[in-house]
Amino acid sequence: MNNTNLPCSLDDTTELRKLILENPDLPLIVFAGEEAWSGEWGYEFTDARCGGVQELTIYEDLWLDEDDYRDKLTDDLCDEEEYKDLSDEDYFKMIDQKIEETEFVKAIVIYVG
């Protein structure tokens, strides 16, 4: 059976195979966007793309890279009583310290939907 005319989620898996072969010990994280499922069927076909190797952490049930985590912390903590009197310089040092203390996971990431 020749299925080259059928749609595929990843038309070319070269990049994904290369990432897996080069990083066999890394976990695989798959993120599904809201358009990945209409709610009508248990499973549905959707597009996928390889996001490469990323370092992520979980914050408030969100997977974030370091830049997004920094932005989220900076926004979330600015009104906290314990940080209100810090200078901008000290505030950003505190944010940097929190980031240094945070565990990040290095993983192969795929986005679907």
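- Put simply, L77 and L64 are part of the same group of oily side chains (I, L, V, M, F, W, Y) that touch within less than 4.5 Å, one to the next.
- Atom CG in L86 sits 11.5 Å away from atom SG in C78 (nearest 0.5 Å).
- Shown here are the side chain to side chain donor-acceptor pair (under 3.5 Å) partners of T57, two or more places apart in sequence or in another chain: there are none.
- Once rounded to the nearest 0.5 Å, the distance linking CG of L16 with NZ of K18 reads 12.5 Å.
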Discussion item. Set out, in order, the CA-CA distance, both residues' side-chain angles and the distance that settles side-chain contact (heavy atoms from CB on, under 4.5 Å) for K72 and L62, then state yes or no.
Written reply: CA-CA 10 Å; K72 188 84 171 118; L62 299 172; 4.2 Å; yes
### Check against side-chain contact (heavy atoms from CB on, under 4.5 Å), I58 and V105
CA-CA 9 Å; I58 296 176; V105 62; over 6 Å; no
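- Between the NZ atom in K93 and the CD1 atom in I95 there is a gap of 14.0 Å [rounded to 0.5 Å].
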I29 and Q54: side-chain contact (heavy atoms from CB on, under 4.5 Å), yes or no, with the steps? CA-CA 10 Å; I29 297 177; Q54 298 179 16; over 6 Å; no
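- Placement of L28 and I20 within a single hydrophobic cluster is found when ILVMFWY residues are connected by side-chain heavy-atom separations under 4.5 Å, directly or transitively.
- By the 6.0 Å contact criterion, CG on D79 is open, its count of non-hydrogen atoms from other residues, nucleotides or ligands being 12 or less.
- The hydrophobic clustering, which links ILVMFWY residues whose side-chain heavy atoms are closer than 4.5 Å, places L56 and L26 apart.
- In terms of heavy-atom proximity, E44 sits nearest to E40 at OE2-N, 3.8 Å.
- Contact between K98 and Y69 at its shortest, heavy atoms only, is O-OH, 4.4 Å.
- A pairwise comparison of heavy atoms in D65 and F104 identifies C-CE2, 4.2 Å as the closest pair.
- Within 6.0 Å of the CH2 atom in W37, the count of heavy atoms belonging to other residues, nucleotides or ligands does not exceed 12.
- The shortest heavy-atom contact between G52 and L19 is CA-CD1, 3.6 Å.
- Considering D68, D76, T102 as possible partners of Y59, the one that fulfils the side-chain hydrogen bond (donor to acceptor under 3.5 Å, both in side chains) test is D76.
- Summarising the local packing, CD of E80 is surrounded by more than 12 heavy atoms from other residues, nucleotides or ligands at distances under 6.0 Å.
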* To do: Kindly indicate, with the supporting measurements, whether the criterion side-chain contact (heavy atoms from CB on, under 4.5 Å) is fulfilled by L73 and R70.
  => CA-CA 5 Å; L73 277 182; R70 178 182 307 281; 6.0 Å; no
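- Side chain of S87 to backbone of D90: a donor-acceptor contact under 3.5 angstrom is found.
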